[in-house]
Amino acid sequence: IADFNKAIIINPKYAAAYNNRGLVFASLNNFNQAIKDFTKAIELNPNNARYYQVRGLCYQQLEKNEKAQADFSKAKQLGYKG
């Protein structure tokens with residue numbers, strides 16, 4: 001997390017750093033923080049299907065199924081094959 005924090009300080013528009021930090025938070029079951037990071041990654045790069053997919057998985061863990069399905073649909077629309 002510290003390394004991704006540093007990367008974000010150096011380049012606040014580095015979408016992959018937000019995504020990767022979100023993956024770490026998700027692996028720690030901190031789904032709310034992960035969603036914040038995935039949302040920022042999506043804001044910076046709205047055409048990356050994987051960002052929607054992983055955010056959808058976090059929403060699913062929080063039983064926010066409408067939001068999860070919306071993200072899964074968007075990921076599929078953008079070509080996610082997972």
Side-chain angles (χ1 to χ4, degrees):
I1 292 173
D3 288 341
F4 295 124
N5 290 341
K6 289 176 190 174
I8 290 165
I9 289 169
I10 292 168
N11 182 0
K13 295 185 179 183
Y14 188 19
Y18 287 100
N19 178 68
N20 291 334
R21 188 174 70 178
L23 292 171
V24 174
F25 281 124
S27 74
L28 298 171
N29 294 329
N30 187 344
F31 300 113
N32 288 313
Q33 186 59 50
I35 288 168
K36 288 179 187 177
D37 278 347
F38 297 138
T39 299
K40 183 65 176 180
I42 289 166
E43 177 186 311
L44 294 169
N45 186 357
N47 294 317
N48 189 310
R50 178 145 170 73
Y51 298 166
Y52 290 95
Q53 182 69 21
V54 292
R55 187 176 71 174
L57 292 170
C58 288
Y59 280 132
Q60 196 172 48
Q61 288 295 317
L62 296 173
E63 298 181 5
K64 295 182 178 183
N65 295 321
E66 274 187 43
K67 289 183 176 188
Q69 288 306 314
D71 275 355
F72 295 149
S73 293
K74 183 67 176 180
K76 186 176 178 181
Q77 176 189 346
L78 291 171
Y80 186 79
K81 304 253 189 264

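Being a predicted model, the structure only gives us computed values, none of them experimental.
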* Within the side chain of N19, is there an N or O that forms a donor-acceptor pair under 3.5 Å with the backbone of A15? -> no
* Asked: If you group Ile, Leu, Val, Met, Phe, Trp and Tyr by side-chain heavy-atom gaps below 4.5 Å, do F4 and L28 land in one group?
  -> yes
* If you measure from CG on N45 to OH on Y14, what distance do you get to the nearest 0.5 Å? -> 12.0 Å
* To do: Would you check if T39 and Y51 make a side-chain contact, meaning some heavy-atom pair closer than 4.5 Å?
  => no
* Single-linkage hydrophobic cluster I35~L57, side-chain heavy atoms < 4.5 angstrom -> no
* Using the side chain to side chain contact (heavy atoms under 4.5 Å, CB included) rule, take Q60 and F72 through it: C-alpha gap first, then chi angles, then the decisive distance, then the call. => CA-CA 10 Å; Q60 196 172 48; F72 295 149; 3.8 Å; yes
* Structure fact -> Taken to the nearest 0.5 Å, the spacing of N47 CG from Q77 CD works out to 9.5 Å
* Roughly how far, to the nearest 0.5 Å, is CZ of R21 from NZ of K36? -> 10.5 Å
* Asked: Does I1 reach the side chain of F25, with side-chain heavy atoms less than 4.5 Å apart?
  -> yes
* Transitive ILVMFWY side-chain link F38 to V24, under 4.5 Å -> no
* Could you go step by step and tell me if K74 and L78 meet the side chain to side chain contact (heavy atoms under 4.5 Å, CB included) rule? -> CA-CA 6 Å; K74 183 67 176 180; L78 291 171; 4.1 Å; yes
* Structure fact -> Nearest heavy-atom approach of Y80 to A49 is CB-CB, 3.7 Å
* Shortest non-hydrogen contact from A7 toward A17 -> CB-CB, 4.1 Å
* Say you draw a straight line from CG of L44 to NZ of K40; how long is it, rounded to the nearest 0.5 Å? -> 5.0 Å
* Asked: Is there side-chain contact between D37 and Q33, with heavy atoms separated by less than 4.5 Å?
  -> yes
* Asked: Any side-chain heavy-atom pair from L23 and R50 closer than 4.5 angstrom?
  -> yes
* Structure fact -> Between G56 and D71 the two heavy atoms that sit nearest each other are N-OD2, 3.5 Å
* Structure fact -> In terms of heavy-atom contacts, A26 and F31 come closest through O-CE2, 3.6 Å
